[in-house]
Amino acid sequence: MQIFHRSTNTISRATIYGAIFMVAASLWAVLELQRSPYITYAKVARPQPVPFSHQHHVAGLGIDCRYCHTSVETSSFAGIPPTRTCMNCHSQIWTNAPLLEPVRDSFRSGKSLVWTRVNDLPDFVYFDHSIHINKGVGCNTCHGPVDGMPLMFNYASLQMEWCLDCHRAPQKNLRPRDQVFNMRYEQPSILKPVTLDGKEYTDQLSLGTDLVKKYKLRTVADITSCSTCHR
Amino acid sequence: MEEQKQPVALESSAPVIGPGHSFATVTDKISAIVLTRPTSTGWFVGFGVAFLLTMMMLFAIGYLFVRGTGIWGITIPIGWGFAIVNFVWWIGIGHAGTLISAILLLLRQSWRNSINRFAEAMTLFAVSAAGIFPLIHVGRPWLAYWLFPYPNTMNYWPQFRSPLVWDVFAVSTYFTISLLFWFVGLVPDLATLRDRSQSRPAQIIYGMLALGWRGSARHWHRYETAYLLLAGLATPLVLSVHTVVSFDFAVGIVPGWHTTIFPPYFVAGAIYSGFAMVLMLAIPIRKLYGLEDFITERHLQNSAKVMLATGLIVAYGYAIEAFMGWYSGNRYDAFTLWNRLHGPYAIPYWALLICNIFVPQVLWIRKLRTSPPALFLISGVILVGMWLERFIIVVVSLHRDFLTSSWGMYYPTRWDWMTYIGTIGMFLAAMFLFVRILPMISIFEMRTLLPEAEVKPE
Amino acid sequence: MKHTPIYGLMAEFDSASELVAAARQTHAAGYSKIDAYSPFPVEELAEAIGFHRNGVPLVTLIGGLLGGLSGYLLQWWIATVSYPVNVGGKPYHSWPSFIVVTFEMTILFAGIFAVFGMLALNGLPMPYHPVFNVARFAFATKDRFFLIIFSSDPRYSSVETRRFLESLGPRSISEVPS
Amino acid sequence: MTIEEQNGKQRREDVCPGKKNQLDLDTARARIAETKGPEFWRSLEELAGSSEFQEMMHREFPKGASEWLDAVSRRGFLKLMGASLAMAGMTACTKQPLEPIVPYVRQPEETVPGRPLFYATAFTLGGYATPMLVESHLYRPTKIEGNDKHPASLGGTDVFAQASILEMYDPDRSQTITYLGDVRTWGDFLKSIRGPLNAQKAVQGSGIRILTRTVSSPAQADQLQSVLKLYPQAKWHVYEPINRDNVYAGAQMAFGEPVETQYKLENADVIVSLDADFLSAGFAGNVRYIRDFAKRRDPDSGNMNRLYVAESTPSSTGAKADHRLPVRAVDIEAFARDLRRIWESKSDFVALAGPGSGAAWAHKHEYLEMVSAVAEDLKAHSGSSVIIVGDHQPPVVHALAHAMNQALGNVGKTVIYTPPVDANPVNQTESLKNLVADMRAGKVDMLFILGGNPAYDAPADFGLADALKNTNIPVRVHLGLYQDETAELCQWHLNEAHYLEAWGDARAYDGTVSIVQPLIAPLYGGKSIYEMVALLAGQPETSGHEIVQGYWKKQHPGADFDAFWRKSLHDGWIENTAFQPKQVSLKPVQIPDYAASDAKSIEINFRRDPSVYDGRFSNNGWLQELPKPMSKMAWDNPVLVGPAMAERMGLRSEDLIELELNGKKLTAPVWIQAGHPDNSVTVFLGYGRRRAGRAGTGAGFDMYPLRYNATPWFTTGVAVTKAGGTYKLATTQGYQTMDTPEGARPLVRTASLDEYHKEPDFAREDEPPAELTLYKPYPYKEEPYAWGMTIDLNSCVGCNNCIVACQSENNIPVVGKEQCVIGRHMHWLRVDAYYQGDRDNPKAYFQPVPCMQCENAPCEVVCPVGATVHSTEGLNDMVYNRCVGTRYCSNNCPYKVRRFNFLLFQDWETPQYKMMRNPDVTVRSRGVMEKCTYCVQRINHRRIDAEREDRKIQDTELQTACQQSCPANAIVFGNINDPESRVSKLKAKARNYSLLGDLNTRPRTTYLAEIRNPNPELET
């Protein structure tokens, strides 16, 4: 006595292969989601009380990073400029631009501007700007072409694998200390060599390896130890 | 396969299958339980109770997730309590099934054919019950998936030197293989049910599960090979699982844990408790469903003998532990021994010795070996004893270790008990469902036991 | 007799012995495309219908090797290449600790390959099959034994073959519509 | 606070080593020129002044402050300048919420966001100041460190000072001014007070009574004097339950004037303590004394001191004694007399007045031996010995001690006399008695209770609470940190500003004056005592800063005042304010005749509690949960009973007993304390508070009802009976001996000085040699740093200070009594106490146990997720955010130093606690294992600073929290790869051993075995 129709043979096999495929696909999707901007906010501009443009201030007006982020060389925290810093100029120029009203209001009332944090690490991660600057990690190495960002967003995923990528091979990214704040800096190439202590470098690797020695970087084992960032 | 054909086998004891049975009677009797026999109110009552207990477990676990493991009695220094005790206990019980189906198959112990099916089912349910505990006992269960190696954004991996990771692999492998073994065994019987059942839905469901099995000679040939290979694989596996579980302790440095005797006597203990559970299930089932012809005195006898043997191995294990405690001259091990005998948990320890060593010795007596009530009772005692053994190993070793300053005591809370009893409920509920919807005895293997199955040479 | 194409001729027997005997004769008679069905495994039947090649063991072996290798290599790679960390002063490549997982992976893969290999080689699942068209075939999973000669057999002829089967003294013979 | 105050504030050097940026004049002047004070505090106004914050504060139960769950208000409040408070929502792979970041409007130029500043100030207890430095993150004080420059501490602190930071942030502190329970403003108070005050002018203030605690502050004393000038008839009363009346009375008896006695223990070869617990917090000068005592305990120095202790209640001092004799407090006098008698005239023992003259006495023989041996030893060390008497001993004993110290020629060498630190050294009990008398006589119209909680802690027979309630005092004002039992009985309650919020000054035990400078604007806008007294003195508007600075301007007139002031603030004390030794001459002392005590009748001792002192700290969770040095008891004050007595009465620990004294009955649980003298019980004050707060209310048993004016410290004649029933006590160490049926375990290893000289490396248990391994050990030697620690069991006096320091530094939660009972306390560092030998007079040992940072760490191997692994510098890293909480590591840790968050122990809601936390340490969530990290956050900061300056970390610049605050210098931490580091040198010592070394865990933390220096005479 025949219970099933012919077609069930095909159907049953199809379902089996289908199931296997579906499981694999969904797993892959989850892993992708983890790295997606939806989770990391990478390259996603945050809402801000004032549409401050780094592009205008850095590229346009050529203001140095440290003018606003004053403690970047001395402290773990780079520093967010107090309203007063904005007003240094904006008490002269754009004095009644409606866009800047929140700033003026803050300065009048003494109530702080409440920005949305852009490069926000989890609270169990302890990052120190000063030491990275000191070892020759350029601002835009991590923050990306800030001078090209009308609205600020974090350039990298800021996920652990991203940190490790550099901590496992710092030579890939180091540059001379005097170039750290140079937004236009390019890694050495045949066309654009970089000179350090009179020596000309045409490729990043040799430059990086020398800088690792020159700046006395700790070993990779050292800087990939857990307590380097977690404590 | 001589003795396989001999109802009256090695021993002049009862046959493995009652007289006067044919392919038809065997088939009908077993499939009837599932297909035609009306569901008794007893079944509903039993299942209802078991189900309620399962709900209680879920409630306890829910509350656990809300508040944290602190609702249990665990503390520092006793970081592991009921959860791990129950885990080891259940896993141990889960050893009988695969052992019966795999090892006895390889040893051509044909009497196994009538008990392997529900022994395997029992294994699956026991392992599932066990599997719950390691998952919920961690502080942050929602992160338990970190124990699996998967490509993650942290570029960080499980730590493969830890016995807990070994556990994850051992237990999940064991469960998967047991499931496959069970299902493969079921396929021909599902086909039988497919062809026997009258209702359309039943036909479709059983038909789908039977994968269109039609008993072709070619299929049977490959089937037998695969089945045998699985048995061959499952045998070392079943031995490895409790060995790995014992590593959880043996690898640690805690006095009372750090000993090389653990793997063998954990395995023995597992089989010990496993058979006890099999008997506790088999005895009532054969009575309720009138299967005395298939699960005969012979089966009870043999199981009893296995218990007796493994029980003696376990006893040897205890003896060696005690001996090493004294012989090693290590002040910590020596104290652990003293603490077991005279410490605050002395009563459980003595109770364990009585349950696991002294009581089972009555199995030397033939009369008791063959008396279902007695066996039922003794099996119960053994299950309690084996639970106590795990309690002694986990809790009593931990509560007084190296620094006297950090000694402590362990008192289980109501949540500990609810979770434990709940898992028993879950286990029983699953068993109830199993006997109701699947053939609890392997029909096709029973057929092979019949004289008419023999092919007369021309 | 309808015009539906015939899948084969099926003879029903009462015992395993008869079936085996019949199968032997059929095979001897030169029929190659035949099959036999029994409610339980009958050892002699496979060779009786002339079936010898069995791929399952090989598949299982492959599975085992695959599992074992991947298990060990994974651990080795994690511990020494991907993220080497100093755990309790042990060497990165602490191979003794890696044995357990390697073993379990071997068993797991071997088992899975054995089962699914078997099913695949048997062409299962196949819920629909012509033989089920024969009503009596329901007893193939109870206490009856069947022998079929497929119509695809070169020596098949509805008349000749039927006569041949009858000569084997079956309980009954039925045509299997496909 | 007002502008000037802020500008007046001075920063101690930013204690990030290498960059010693002493404040130079210009920048300082520049700042003073800069008048932007308010902005200076802007962030804090937002925090303390913001509406939702105030609202929160005024709620009755701030605990359930739901509005703080809303991310912005909470985070905005926390993440000032983005200084992350490490609110680790430690779940991986979840989408992070958008977080606000709130910059200043105008940033004070001295602040570098992300770098802490350190300010010098002082903590005052019983009038005595403990100098200290306070770590401040963006004007949030987070951690108290010892002031290593200060002569009175040399860098140590005591538990009360350490824990006082929690008190400041206590959400249960009184947060408003109330009149009969209703919220009022300072203005309301001023209005209502003006009339009555003017009325008092007419009668010269004859109706004004001011009750303060002990005042050592010159400025405040000066204020009060001026008040008394304004109102000649007004009276200033002083009372503290833990007072030094007997000390001053004893001095009076001996010298005819109340002088302060100071000890120079660094010069003492032989120290005799007559019931004086001079090594524990609460004893004037204990921090410095511990340091000096420990310095002389080094067995290798060749001049190790010897300590004899005859004491009633077992104390850490007794535990450190080379010879200890349990004597009931009443019999200490006899001991003193006998001592004197023996070395004055070598009379025979029969003539002794000692205990048991008459009654048979268990320790008679011991006693006789001890007295004579001590006498001999003292004689042998004339000029280099010292006799110290406990504050609670009667004047006559003090007088005897003075006499003996004189006769031994110790004065000027080991003992010096100075004017009293107490600015108004009246007999406080008398003072309070008079006050109550006046109250009852209706002479009091206005009563100002400034600090203190007399309604709770006054002698029972004064019935002060009753007097407050039932006598007609028109104006009763209470100024205090809490709405306590006294506040309840006063119409007006003013919320006091915590000392970390207000200006002030105070004297250390040696007289040195420290300026108390505020670390933060008053969280609840409280007033300091100074401001309150100023009001009485008729200057209601003067700020604390003006008062204190003004006073010192008077003392130090002249142009250089600014420099002087800044230096004083910066260093933490005012130069040349230490008292000069005072020449005093011994009067012919009329020692009253000895009335032998009744050896049969049971004695009861009232003692300050090692944790909550007199009860003022009873709402301080850190202190409540701090295991008391000897009993390891937390959250309770059971009655201590000696083993002999317990046996006789069939008592077991946790049994309830009934104490009856002067007809008053009181039921409390018993704790059997080894070494407690027979026929004597000890009760600790400060518990059973009714209105303390969420931690203190209801904890323990109130013993004050038994404490009478006549017998404040001890008396015989208490009736002890079994009450039936038991009471669960929370002890963090259930088992206080190293003995097991299988023999004693070598945990604390000790030897006598002679044995040590004979066999210096006796402590080294056969540890397996490093090369005994199958595989290549990790090459730590190649690293620039390898961190290690030594703990000198000889120096450690078990003062518990390290525990609190660690708790404060590492955001360690308080779990409460119930959790402690099951053994879930969270202290990363614990101090084990072991007793050995005769239970009636055992030897006692302390052993601080942090994480051993084993090189072969058993915990790491078993962690399935690699949440605890080794760093290249040998740290046993614990990665909270990776931990899934299997607790396997803890099971496998032979030292059981790992702590697990079984429940959500951290308070994630109360905003004050969030402000208090150390932003450099992750706040652990539920289900996570945690443990000592060697203060890795400090290591990392120092390393980064060092690397920025392209140098190595110096040995002295990096200190763990426990090490920094250890008064005894028992804990030394450093780089063991540097042979020159202190830690390497100590590890090279023969008596250096590792705990459970035979397990081959290779701990980085090792111990220096304890060496005792017993008197050969007494060695039997």
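Worth saying up front: this structure is predicted, and the values here are computed from it rather than measured. Quick note on labels: first sequence line is chain A, next is B, and so on, each numbered from 1.
Taking a cutoff of 4.0 Å between a charged side-chain nitrogen and a carboxylate oxygen, C:D35 and B:R218 qualify as a salt bridge. Ion pair B:R447/C:D143 not flagged as a salt bridge, since none of the NZ, NE, NH1 or NH2 atoms sits closer than 4.0 Å to an Asp/Glu carboxylate oxygen.
Rounding to the nearest 0.5 angstrom, the gap separating the OG atom in B:S216 from the CD1 atom in C:I49 is 6.0 Å. In this structure, CH2 on B:W166 lies 9.0 Å from CD1 on C:I99, to the nearest 0.5 angstrom. The structure places CH2 of B:W157 at 6.5 Å from CG of C:L74, a figure rounded to the nearest 0.5 Å.
Only the side chain of C:W77 comes within contact range of chain B, judged by heavy atoms closer than 4.5 Å. Heavy atoms of B:P163 lying under 4.5 Å from chain C are absent altogether. For a residue to count as touching a neighbouring chain, one of its non-hydrogen atoms must lie under 4.5 Å from one of that chain's; by this rule B:L233 touches chain C with backbone and side chain alike. Both the backbone and the side chain of C:I112 come within less than 4.5 Å of a heavy atom in chain B. Interface remark: C:F146 contributes no atoms to any contact with chain B (heavy atom separation under 4.5 Å). Of the two parts of B:T173, the backbone and the side chain both hold a non-hydrogen atom closer than 4.5 Å to a non-hydrogen atom of chain C. The part of B:T176 that comes within reach of chain C is its side chain, from C-beta onward, which places non-hydrogen atoms under 4.5 angstrom from that chain. Only the side chain of B:Q159 comes within less than 4.5 Å of a heavy atom of chain C; its backbone N, CA, C and O stay farther away. Heavy atoms closer than 4.5 Å to chain C are found in both the backbone and the side chain of B:L237. No part of C:L147 comes within reach of chain B, as not one of its non-hydrogen atoms sits under 4.5 angstrom from that chain. Heavy atoms closer than 4.5 Å to chain C are found nowhere in B:F181, neither backbone nor side chain. The contact between C:L119 and chain B is made entirely by side chain atoms (from C-beta outward), counting heavy-atom distances below 4.5 Å. Neither the backbone nor the side chain of C:Y128 comes within less than 4.5 Å of any heavy atom of chain B. For chain B, the nearby part of C:F145 is the side chain; its heavy atoms alone come within less than 4.5 Å.
Highest contact tally toward chain C, considering only B:L193, B:D28, B:T243, is held by B:D28 [criterion: heavy-atom pairs under 4.5 Å]. When each of C:M118, C:M126, C:K142 is checked for heavy-atom pairs under 4.5 Å with chain B, C:K142 comes out on top. In terms of heavy-atom pairs under 4.5 angstrom with chain C, the leader among B:M208, B:E224, B:H219, B:E445 is B:H219. Most heavy-atom pairs under 4.5 Å with chain B, from the set C:L45, C:T60, C:V131, C:L121: that is C:L121. Most heavy-atom pairs under 4.5 Å with chain C, from the set B:S172, B:A217, B:A234: that is B:A217. Highest contact tally toward chain B, considering only C:S94, C:P41, C:G117, is held by C:P41 [criterion: heavy-atom pairs under 4.5 Å].
Note on ring orientation: taking the six-membered ring where Trp is involved, the planes of B:Y156 and C:Y83 are perpendicular (angle over 60°, cut-offs 30° and 60°).
Of all non-hydrogen atoms in C:P91 and B:R161, the two that sit nearest each other are O-NH2, 3.2 Å. Closest approach of B:F444 to C:P39, counting heavy atoms only: CB-O, 3.7 Å. The two atoms that bring B:I177 and C:G111 nearest to each other are CD1-CA, 3.7 Å, heavy atoms only. Nearest heavy atoms, B:A226 versus C:A114: CB-O, 4.2 Å. Nearest heavy-atom pair, B:H221 versus C:A46, reported as atom, atom and distance to 0.1 Å: ND1-CB, 3.8 Å. Scanning both residues, B:T225 and C:P57, for their nearest heavy atoms gives CG2-CG, 3.9 Å.
With a 4.5 Å cut-off on side-chain heavy atoms, B:S240 and C:F103 count as touching. Counting heavy atoms from C-beta on, the side chains of C:F116 and B:L180 come closer than 4.5 Å. In this structure, C:I107 and B:P236 have side chains that are in contact, with non-hydrogen atoms separated by less than 4.5 Å. Counting heavy atoms from C-beta outward, B:W213 and C:L124 have side chains that approach closer than 4.5 Å.
Checked by atom type, the side-chain pair C:N122/B:R222 shows a donor-acceptor distance below 3.5 Å.
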- request: Apply side chain to side chain donor-acceptor pair (under 3.5 Å) to the pair C:S15 and B:E452, showing each step before the final yes or no.
  value: CA-CA 7 Å; C:S15 76; B:E452 25 176 335; over 6 Å; no
Worked verdict on B:W220 versus C:E43 for side chain to side chain contact (heavy atoms under 4.5 Å, CB included): CA-CA 9 Å; B:W220 276 123; C:E43 287 224 331; over 6 Å; no
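Between C:F40 and B:F23, the ring centre distance stays below 6.0 Å.
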